[in-house]
Amino acid sequence: MKEKQAIRVTLLLSFLVLVTSGKGIRYKRYGEDNTRVLPYRQVKKTIQMKGGDVYDCIDVNAQPSLNHPRLKNHKIQMQPSSFPFGLDMESQLPHSVSEVQPYIVDCPIGTIPIIRNNRSGNVEHNIDGVSSMDIQTEAAGMRYYDVVYGARAIINVYEPRVNKDSKDLSATWLQINNGGGEHTDRIGAGVEVNPSFSGDTFVRFHISWTDGLYKKSCLDHSCPGFVQVDHKSGLGARLQHVSVYGGRQYAMRLSIFKDPKSKNWWVAYGTKNTPFGYWPSTLFSFLNYKGDFVFWGGFVQGPTVSSNAPQMGSGHFASEGYGKAAYIRNAQILNENNKYVTPDGNVKVDHGTSNSTLYTVDKFEVDTPGMSIYYGGPGSVV
Ligand SMILES: *[C@@H]1O[C@H](CO)[C@@H](O)[C@H](O)[C@H]1NC(C)=O
Ligand SMILES: *[C@@H]1O[C@H](CO)[C@@H](O)[C@H](O)[C@H]1NC(C)=O
């Protein structure tokens, strides 16, 4: 018990603490590899959002991600060198579904919005990970097992209920891995409710990754590494709308793809496939050139998942179908020719749930525009 507590304290201390003083901003990082206070350039602009979120617009070249030891001489890539080929997803959204995006923050060009958030909370995002005593995981969705250079999907956005005081999270997630066992690099993006990280129970846009060599997980800018270039939207941003059970449905396009020239892993979202930012290839030991696993689906993770599991997706079982259960559609992988293709659903793909009492999957289909599935459930209904 004592040991566990000690581990937790160390974890807490090893994340970025954001210290604001006057107009300037400093990122203070505790931990063995960096105990200095890193001085930060002036905040160009501070933007207060309607819901209370506060963003600082920081010079894109002075972003905290660049403090990663492997990014010492990294030159920021402002645009992907090219976009993957493939059927335009624009035509793929049913009329009854509206596109949703993270809130527009609109920092000046040349800066990026970084949300003010002191918290370190739950940053683990290992849907394939082995559950430990401290962190349990349940997942429901689709998995692909072979070489990939990216993946994409349209995800139905809901706001699953998660106990505000728990350290659990509930996410709709797109994840790419490479490696095996403990030595697995992971990158992921999606929407999630993560109260111990964001301080509330709103669904927000996040990215995460695991450094398989140092076995360290990071969420958003909680540790350096992910390079953001989008000046209009921030990590941890709320979504403009969320779907209503039995009512209006909202969905978001999301993709992660490897830049064929720079080898960086880009995250893009929205109708216009807006490049949000990237993980530099040099960040990884196993994911440098390609991935070997993809997950699309819902997952919940945290210390009380086994005793009091949060909702996943809409909080309703997959069998309820359209408008009531959450779905993922147009799920595709990026092949070696930089083209999005639908994986062979019979061979390299499986779909399912880790615990069908809590969460289910239904209506798995493989079609030309991609694979689709309904997933989710109420968790432990008390
Ligand atoms: C961060 O912590 C400071 C000091 O504890 C507090 O005043 C501030 O409200 C916190 N900010 C957020 C966004 O939680
Ligand atoms: C599924 O979850 C329920 C409720 O938490 C639990 O009782 C059951 O043992 C779990 N089943 C498996 C296969 O893990």
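As the structure lists them, so they are numbered: ligands from 1, and atoms in each ligand from 1. Note that this is a predicted model, so its numbers are computed, not measured.
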Candidate list T368, V294, T342, test side chain to side chain contact (heavy atoms under 4.5 Å, CB included), partner Q332, passing option: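 Between Q332 and the candidates, side chain to side chain contact (heavy atoms under 4.5 Å, CB included) is satisfied uniquely by T342.
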Hey, can you tell me if Y269 and F205 have their rings parallel, tilted or perpendicular (30° and 60° cut-offs)? tilted
Do the ring planes of F226 and F276 sit parallel (below 30°), tilted (30 to 60°) or perpendicular (above 60°)?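 It falls in the parallel class, under 30°.
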Identity and distance of the protein heavy atom lying nearest [atom]:
atom	answer
atom 6 (C) of ligand 2	N355 ND2, 4.2 Å
atom 5 (O) of ligand 2	S306 O, 3.7 Å
atom 4 (C) of ligand 2	L358 CD2, 3.9 Å

Below 4.0 Å, non-hydrogen atoms only: which portion of S354 touches ligand 2? Side chain, backbone, both or neither. neither
Does the protein place any heavy atom closer than 4.0 Å to atom 9 (O) of ligand 2? no
Decide whether Y158 and T172 meet the rule of one side-chain donor and one side-chain acceptor closer than 3.5 Å.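 Distance-only check fails for Y158 and T172.
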Centroid-centroid under 6.0 Å between Y55 and H221 rings: no
